[in-house]
Every structure is written in structure tokens, then in C-alpha cells.
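Below: one structure, written as C-alpha cells.
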Amino acid sequence: MAFSKHFEHQEREAEIYRRWEESGAFKADARSEKPPFTISMPPPNATGTLHLGHAIMLVLEDLMTRWRRMAGDEALWVPGTDHAAIATESVVIRLLQKEGIADPRIALGREELVRRIAEYVEKSRGTIRSQVRGIGASCDWERERYTMDAQLSRCVAEVFGKMFRDGLIYRGARIVNWDPGLQTTISDDEIEHVEQPHAKFYTLRYGPFLVGTSRPETKLGDTAVAVHPDDERWKEHIGKVYDIPWPKGPTIRIRVVADERVDPEFGTGALGVTPAHSQLDFEIAEAHGLPLIPIIGEDGRMLPAAGPYAGLTTLECREAFVADLEAAGLLAEVKTYPQRLSICYRSKQAIEPLIKAQWFIDVNKPAVRWKGKLMSLRQVLRDVVDSGDIQLVPKHQEATYFHWIDNLRDWCISRQIWWGHRIPVWYRGEQEIYVGHRGPGAEGWQQDTDTLDTWFSSALWTWSTLIDPELAKDQDLGLSQLLAQSPDFLKFHPTSVMETGYDILFFWVARMILMTTYATGQVPFRTVYLHGLILDRDGEKMTKSKPETSIDPLDTIRDLGADPLRISMVIGNSAGTDFRLSAERLEAGKHLVNKLWNAAKLVEKIAQGGEDGVDPASITHPVNRWIVARAHRVVDVVNGRMAAWSFGDAAEQIRSGFWSEFCDEYLEAVKVPELADLPETRAAARHAFDVFLKLFHPFIPFVTEEIWQQLGRPGMLIRADWPGTELRDAWSEDVDGVDAVLRLVAALRRIRSESRVEPKAQVAASVRALAFTDRMKACEPVIRKMANLESLSWDGAVPAGAVTAVDPAFQAAVDLGEANREAERERLRKELEDAERRLANVGKRLANEAFVRNAKPEIVEGARAEERELQGLKGTLEERLRELGV
RNA sequence: AGGCCCGUAGCUCAGUUGGUUAGAGCGCUACGUUGACAUCGUAGAGGUCAGCGGUUCGAGUCCGCUCGGGCCUACCA
């Protein structure tokens, strides 16, 4: 089949993907004898469209999956989507509001709203599926999962029940992070901090105290003043009770307590304690048995307890209250200071800490069997990384992970939204409670109205996706039975790699470890590969407001193809590091794809009419041997880089091996008839090219597959074997000889360029081979063509007006006439100087006894060889200068 | 306040356990290109590896400090 002028990505990519999918190339077999390689795709939210964050995730996971599949593993990549509770519900509510339904929760009711959200999700999941396909993801669509699938929901309920019975889940009234906008609690990890450089800090006259606060309105709910037990300033007040009448009411009664947690250095050293609206204050209040007075409601407005301020928003109240204090002379000071405001990562609204009865996971209770011991969730989290059961890439992220564990508190898992897994708990009256996946199945029970944190179900993702859906229909099976009888779980879990952004290390990665070790007794994955953020060329987050530097993956796939997008996101990218993607990079990616396409055209031409089935090991010409050995050396290097998770590096190695060695050197060399006509050249060219095609495939799957098929190679590249390394060190004399030939060509070209020889002018060269003589002579036609020589003699004669080059393997001379004499002398002197400098360097090292004694023998031997080589070079240069009459 | 990362060519970044003359892409300069090349090729310029000190026969690489930049975490009210 004739190659088209260019790779027509728009029509070909979709067609190639269809063929892969139809051929079953993505499907993994749980009964296979091959070692498993498993990746759970981090489920993209079932809202919106694919962005570059998804793209990098898909590209990295796909290249790992394709690589391991070719390398002989039973590779399974499980795709799926997440119901993304808060994100989805708020998106749909906003849409409904735009349609004119002011308060969809009230207008539609729970059942109808959930139905509408599900409908919306179903639609956008279709969009995401096609976009994941568009990028070339070779995931097993038959195993596609969704966090709300029946068997996944079953797992959620089962785990909840198990944790409840083990006392790891409890319900309690505690300070929680309340988002008044979304009307729900959120976990500690869902809080973001925004810098407020000029926040106001007020100091109030507060009975006998001066008390500092950034939120004066909360002082309406104070029930104590806490001071440090050793603080002399306030010692006399400890234990006393004061009634403090605020100017317009209410009057609060405060007790003075001593607590170590108060920092005497901060402010006045006296802390107004607001137990109902501050975490620390709540803890102090608990320790001292202080009363709680909630003054802020869930709507973000002041409660009746706030007296005359009831009904105001917190900010309105602050303003009014401060004005009243000032009028009454109770405002001692107002200054500005930098403060970090807590906001919800989703709604970006300020968080209101308040007290609410919620469900929590206890991270400190020693109730988890792990390695024969009873540990707390926190201890297990620490142990699996400490012991190396789980490896983080890059490794320094482990420090961040441990830091997070150190600060970890009980995880609030209940949410007041409707979209999600409803808490599997039923109540009857005040006393009775039922926990389980089936429900109590009797009259008079009411299910808990809250839903679970979306990360609760995501935390089960590596294994809940592997539970057999049919099996899960049997409601009588317990969790351990579901696990023990699911073939996919048995074959593919623990998964091999979790690849995701470092920004969700805590949200998700840590939670998966926490839940999975507990629920299955296994780690969820062996390795966590964390990629960085994709930024624009200036290192800033891409936004639609900066279209000139913003890149949309869908546009790129349409305009350039998926391959250029993929390769340009991988080359130069490394784990844990943010990556700047620019139009220039995409351009370079496109050029690479184009280069590969054109090389294929030439290879096909070279290979025309030759024979199939030639064993590469039987090749004899040095140039052909050289490229075969080189290609396999690249394989060896790439294997090492891939295994070390250095995918960008691996891609770069493939790129440069292909471009410089295969294209610029080999393909140019075999254009000479002496080689082109050699039957084995067809075998060598196609063998080496196939090696590069295979190496490239995980990175740029579409164009490589298209070439593979157009060249009539057997089967599909996606299922081809990863190339071996057996010929990596073969034919070293030939390989070194051709290396010398290439250096000779480069030397001759340099002479031409430096001496301003017309590009078209053919010159006469004379060469004396000092090593690899046979090989170099065998390559004479190649040298003549690549250096554009009229004639090449091997007598080594140096005419009077020649310009020369010396190398350990050869001396070369090009006769350019007398005019170049002086320039030649100059050049030789420079080269001699350089050789002498290097000789002095290596001589100094070898003269150093400590070096000879301590350095590794091969290093010392290398230095000796270098010294010998340089001495030879120096001699040649000096001789040549003498001939020139210096 | 604590933790982590980064500082290498004009720009973006590699540089694997310390070991010859520190690399690539893009950009730049000069030249070339009617047959694989929406181009590509050939040759070239360009770096006191942020600074200081230490360990070592040997440091871009290991250790300490300083300066500069970024990120994360926290119950300084």
C-alpha cells in the first residue's frame, strides 16, 4: 500500500482506535498465566470535559499499560468515572437555577433532584468516554466502572458496616467545617487557604481582659477566657467568673480557665473561648467542661443567642458589633495582619466552623489487623510506606505523606447533599439503629438523610472495580466472600501503579491506602507515580482568560493529532514536577510524528523487492550491523529508564536514537547503491526501524500502528512483543568501526565548512586508517557520499596545501591548495593545545597516588587508555605541524 | 511556625549509585536542500552548574550555611 504524503490523523486515529477495540487488544484475561500489570484509572469527574490534567494522566497510564502489555504482562487498565458528589450536585443545581428553578432542592425534592443529576451524569459520561478514546487510551472498556454501580455501592455499604462494627466509624457532635453556600460539611482536606494580607485584627476590652480576635462577632458566643497557667498577668483571674454585658446585649458569662494550649506570646495572652465556632476553643471547652453557645446558624446568619444581632450575616454582624463596641469605648485597637482564610476547595466560600452531629472515621483506634498486629489506621498508613510495601515516586513525596499523617485527625465522612451514597444507617425512634447494606426491611425505620463523602467510595476504587458484578447480586455474601470469589480481584489486585497528580495525594491516594488495607488486607497498589501540574509556557495555570498561552487538549487532538499531544507532554516531563506545555512543544511533537512517517516511506522504498524472514543476526555489512546493534542498545537504555519511572527520559532516548542515528546517519548511509543494493540492507533497515516503531508505540500509538500496518507487518503493533536486547553488544569491531567512520565524515564536513568549500564542490581526501582499517575501507562509498568526496585514497598522503584532521582511529587530509596553509596551522595549533591540556589533566590524575589507589580499577584503566590515546594524537599533530614548517 | 521542592546555555529542562572535554529541544549565526521530510540537513556560537564553606584522590551530583523562587500543612485566637 502506498503511503499518503502525511499521516492523516483526523481520519486515521479514530479508525485505528476502532480496530484496536474491536480486536480485543485492550481486554485483559483473568485466567492468563502472564504476570498481572494493573492500573486503576483515576476516575475523571462525571461532569465537564477533558482537560490537560486528565490528558497527562491518561497519557502516562496508557504508555505504562502499552509498554507492559508488549513486554509480556497481562495488562489491565480499568477505566471509570466518579460521581463526584459535591461537584456534580452543585453543577446541576446551578444549571437548574439558570432554568429558573430558584431552589431546586425545595422545588424538586430529593428523589427528583437525584434523578435529574443522574440523568445529567449519564450524558456527560458519554462525552468523557469518547474523549478518553480520542487520546488513545488502551483501557478495558468492558470493565468500565462507575462509583454508583450496584456492586461498587455494595462495597461502600459493606465497608461502612464493617467499620461501624469495629468501632472505627462513629457518630458524634463535633466542630465541623460547614460550607454555608453548599449547605454541607466538608473534610479537613477539602479546605483551601487563601492569603489575606490585610485582615483586620481587633483587640477588645473584655471585662478585666484585653482579648484579640479577627472575628469579633464570635465573641457573642464566648463562654470562657483561657490563659496560660504560667502567665503572671492573668494568674489572679483564673477560676473566676465574670458577666460581660455587651453594649447592646447579650450579656455573656465567662469563666477564666488555665490551659497549656494558649500561647502567652500571642496578642494579650488572653484567649476568648468560643466553643461552638472554633476547633481549638471547642477542645478547650471540652477539657474544662464549659458550656457551648451556638450563635451562627447553618445559613451563615446570627442565631437568636446573638441578641440584637440575630438574623444578620456574620459580616453584617461584625460591622455592627464593632461599631457598637467602639461607641462604648470597648474597642482597644484595630490593626491589620496577614491571615489565611479557610475556604471550600469546591465552592470557594468561607468555611464556618460549627458544631454538628456527624459521622467520623476514627484514625487512632487500634482496631485494624495488619501484619499480625492490631494497629490504628494511622499506624497502618505509616507502616506501608515506611516498610516499602508502597513506593512513592518521586520519593521525596513520602516526607509530605508522613507529615500529613502526623497531622491527621478523624475524618468527617457525612455530607448534607443528596447526590452520593446514602449513609447505610436506619433509625427507629430514639434508641434503635440499624447498619447494613440491605436496610432493616421493616416498618417504622428512617434512613439517615446524609450521604457519604465522595472520597469514601473513591477510596475503594482499586478493588471495588474488580468485584464481580454478577457475584455482587447475591445479597447474602459478605465482603470477604465477594473478594475471595471475584476472579479479577484475585488476579489483578493489588494493582501495580497508581498514577495521579500530587495534588490529590491526601484526598485520594492516602484514603485508598487507609480503606483498602483495612477492608481487603492488601495494599491498593505497589507504586504511586505522582505527576505534576500542567502549566502554560510562563509557568502559570492555564485559564480561558489567557487564550494565547492556553492549550485545549481536544483542539490539539483535532488540529495536530493525539500523538503530538502525547509525546510533547511526556518528553521533558518527570515525576512530581510541574510541566510547562507550549505551542512550541506541540510543534516539536508534530515534527517528530512527521519525521517518523517520512522515515517509514523511505524504509518501505529501501525494502522494496527484498526478502522477508532474514535473521538480523546473519547480517554482515558493518553499517547494517551497526544500526541493528545501536537499535538494541537503545532498547536496553530505554528499559532502564522505563523501569526507573523516567518516561520523559526514555522518550528522549528513543527520539534521539531514531532521529540522529537511524535517520541522519543510517538512512543517509544506505542511500549509496553499494548498500542499497545489498539484500541484507532490507532486513537490517526494517529490523532496526521495527525496533524503533515498537519503542515509540507506547508514546505515540496511532502513527506507529498505522505505519506498522501499512508496512504489512503481522498482526497489530499494540500486541507485538517488546524488542529484546540480545544484539546490544554484538559485533563490537563493526560498531566501533562505523563510529570511527562517522567521526571521519564529521571531520571531513567540518573541514569543508570551516574552509568555506562550496557545498557542491567535490574534494579529494586522503585517509590513513589507524584502527578498524577493514571496516573503514568497507565503508568507503558511504564516506564518499556523506562527505561529498570526489576521490578517497587510503595512502594517507598529506599534500602540501592540505587541511587535516586527526583522531585516534584515523588521519584525514583534504587538499585545498596553498591558500589554506596559515589557517591550517592555526587550527592544528588549537587542536594541539587542546590535546595537551587534556593530557596534562589526565596525567595529573594518574600521577596522584591516592587516585590510583582509591579509584575503581576500571576508572584508572580508562584514564590510562585516554592518556595513551592523547599521546598518539599529540604526536600526530606535532608531526603534521612540522611538515607544515613550523 | 513546620515540612517539601527548585535555582545548570537566551528560554524550557535532562544529568540514574560522585569518575574523561556538563547534554537535549526550542531559539540564535552561517551555509545548503527538485525527489523520505507541512520541511529537512551540515557546521557553529553560547554555561565561573545561585553563592560560600566542608567531605573526598575526585563534587553539577554528598553535607552545612546564605541568598532567591515556588508549593504544602497547622487548633496563633
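Throughout, a chain's letter reflects where its sequence line sits, starting with A, and its residues are numbered from 1. Basis for what follows: all heavy atoms, side chains included, without hydrogens, waters or symmetry-related copies.
Taking 4.0 angstrom as the limit, A:S574 places a side-chain polar atom (N or O) nearer than this to OP1 or OP2 of B:A14. Contact annotation: A:R580 side-chain N/O to B:C13 OP1/OP2 distance is under 4.0 Å. In terms of phosphate contacts, A:H403 brings no side-chain nitrogen or oxygen within less than 4.0 Å of OP1 or OP2 of B:U73. Between A:R750 and the phosphate of B:G44, there is a side-chain N or O to OP1/OP2 separation shorter than 4.0 Å. Between B:C57 and A:N854, a contact under 4.0 Å exists linking OP1 or OP2 to a side-chain N or O. OP1 or OP2 of B:G41 sits under 4.0 Å from a side-chain N or O of A:W659. Side-chain N/O atoms of A:R409 include one lying less than 4.0 angstrom from OP1 or OP2 on B:C75. Close to B:A74, at under 4.0 Å from its OP1 or OP2, lies a side-chain N or O of A:H193. Residue A:N407 places none of its side-chain N or O atoms closer than 4.0 Å to OP1 or OP2 of B:U73.
To the nearest whole angstrom, the two P atoms, one in B:G10 and one in B:C49, are 13 Å apart. Look at the P atom in both B:A30 and B:C72: the space between them is 46 Å, to the nearest Å. Atom P of B:U61 sits at a distance of 16 Å from the matching atom of B:U56, rounded to the whole Å.
Taking a cutoff of 4.0 Å between a charged side-chain nitrogen and a carboxylate oxygen, A:K395 and A:E398 qualify as a salt bridge. Salt bridge status for A:R686 with A:E604: absent, with no side-chain N to carboxylate O gap under 4.0 Å. Ion pairing between a basic and an acidic side chain is recognised when a charged N comes within 4.0 Å of a carboxylate O; A:E665 and A:K671 show no such pairing. Comment: A:D536 does not engage A:R580 in a salt bridge, judged by the lack of any side-chain N to carboxylate O separation of less than 4.0 angstrom. Salt-bridge formation is detected for the pair A:R837/A:D834: a Lys NZ or Arg NE/NH1/NH2 atom is positioned less than 4.0 Å from an Asp or Glu carboxylate oxygen. One finds a salt bridge joining A:R215 and A:E217 here, because a Lys/Arg side-chain nitrogen approaches an Asp/Glu carboxylate oxygen to under 4.0 Å.
Between A:F692 and A:F696, the ring planes are tilted. Angles from 30° to 60° get that label. Between A:F507 and A:Y345, the angle of the ring planes lies from 30° to 60°, which puts this pair in the tilted group.
A:Y401 contributes a side-chain N or O that, together with a main-chain N or O of A:L381, makes up a donor-acceptor pair within less than 3.5 Å. A donor-acceptor pair under 3.5 Å links the side-chain atoms of A:R752 to the main chain of A:E758, judged by distance alone.
The side chain of A:R845 lies closest to B:U20 when the candidates are B:A36, B:U20, B:A43. When the nucleotides B:A77, B:A38, B:A43 are ranked by their closest atom to the side chain of A:Y337, B:A77 comes out on top. Out of B:U12, B:A38, B:C4, the shortest distance to the side chain of A:H6 is found at B:A38. Comparing B:G19, B:A14, B:A77 against the side chain of A:F851 picks out B:G19 as the nearest. With distances taken from any side-chain atom of A:H396 to the nucleotides B:A38, B:C4, B:G19, the minimum falls on B:C4. Which of B:A38, B:A77, B:C57 sits closest to the side chain of A:F201 comes down to B:A77. Distances were taken from every side-chain heavy atom of A:A599 (C-beta onward) to each of B:A77, B:A36, B:G41; the shortest belongs to B:A36. Residue A:K605 places its side chain closer to B:G35 than to any other of B:G35, B:A77, B:U20. Residue A:L280 places its side chain closer to B:C75 than to any other of B:U42, B:C75, B:A36.
Base pairing annotation: B:G64 forms a Watson-Crick or G-U wobble pair with B:C52, both donor-acceptor distances under 3.5 Å. Base-pair partner of B:U33: not found among the strands shown (Watson-Crick or G-U wobble, both distances under 3.5 Å). In a base pair of the Watson-Crick type (N1 to N3 plus N6-O4 or O6-N4) or a G-U wobble (N1-O2 and O6-N3), with each distance short of 3.5 Å, B:G44 is matched with B:C28. Pair assignment for B:A59: none, as no Watson-Crick or G-U wobble contacts are both less than 3.5 Å. In this entry B:C4 has B:G70 as its Watson-Crick or G-U wobble partner, both defining distances falling under 3.5 Å. Shown here, B:G23 forms a base pair with B:C13; the pair counts as Watson-Crick or G-U wobble because both key distances fall under 3.5 Å.
In terms of position on RNA chain B, the residue among A:S753 and A:G272 whose nearest nucleotide sits closer to the 5' end is A:S753. Map A:E265 and A:L602 each onto its nearest nucleotide of RNA chain B; the residue landing nearer the 5' end is A:L602.
Here B:U20 presents its P atom at 9 Å from CD of A:E866, a figure rounded to the nearest Å. As rounded to whole Å, 13 Å separates atom P of B:C13 from atom CD of A:E584. Rounded to an integer number of Å, the gap from A:D578 CG to B:G69 C1' is 13 Å. Per the geometry, CG belonging to A:L204 stands 14 Å off P belonging to B:A77, to the nearest Å. When rounded to the nearest whole Å, the span between CD of A:Q339 and C1' of B:A1 equals 16 Å. Across the protein-nucleic acid pair, A:F506 atom CZ and B:U73 atom C1' stand 7 Å apart, rounded to whole Å. Note: CG (A:L667) to C1' (B:G35) measures 15 Å, nearest angstrom.
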Under-3.5 Å N/O pairs linking protein and nucleotides 22-25 of chain B:
unit_1, atom_1, unit_2, atom_2, d
B:A24, O2', A:E652, OE2, 2.8

Atom pairs under 3.5 Å, N or O on each side, protein against nucleotides 32-34 of chain B: can you list them with distances?
unit_1, atom_1, unit_2, atom_2, d
B:U33, OP1, A:K760, NZ, 3.0

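For the residue pair A:K595/A:N598, the side-chain donor-acceptor check at 3.5 Å is not satisfied.
Remark: A:R566 is not positioned above the aromatic ring of A:F699, lacking an NZ or CZ atom under 6.0 angstrom from the ring centre and at most 45 degrees off the axis.
No N or O donor and acceptor, one from the side chain of A:R864 and one from the base of B:U20, sit under 3.5 Å apart. Below the 3.5 angstrom threshold, one finds a donor paired with an acceptor across the side chain of A:E668 and the base of B:A36.
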Could you tabulate the donor-acceptor pairs under 3.5 Å formed by side-chain atoms of residues 263-281 of chain A, not counting sequence neighbours?
unit_1, atom_1, unit_2, atom_2, d
A:D263, OD1, A:E265, N, 2.9
A:T268, OG1, A:L210, O, 2.4
A:T268, OG1, A:A270, N, 3.3
A:T274, OG1, A:K219, NZ, 3.4
A:T274, OG1, A:D222, OD1, 2.5
A:H277, ND1, A:P353, O, 3.1
A:H277, NE2, A:I295, N, 3.0
A:H277, NE2, A:I296, N, 3.2
A:S278, OG, A:D281, N, 3.2
A:S278, OG, A:D281, OD1, 3.3
A:Q279, NE2, A:E283, OE2, 2.8
A:D281, OD2, A:T274, N, 2.7

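Within the nucleic acid shown, A:K671 comes within 4.0 Å of at least one base atom, counting heavy atoms only.
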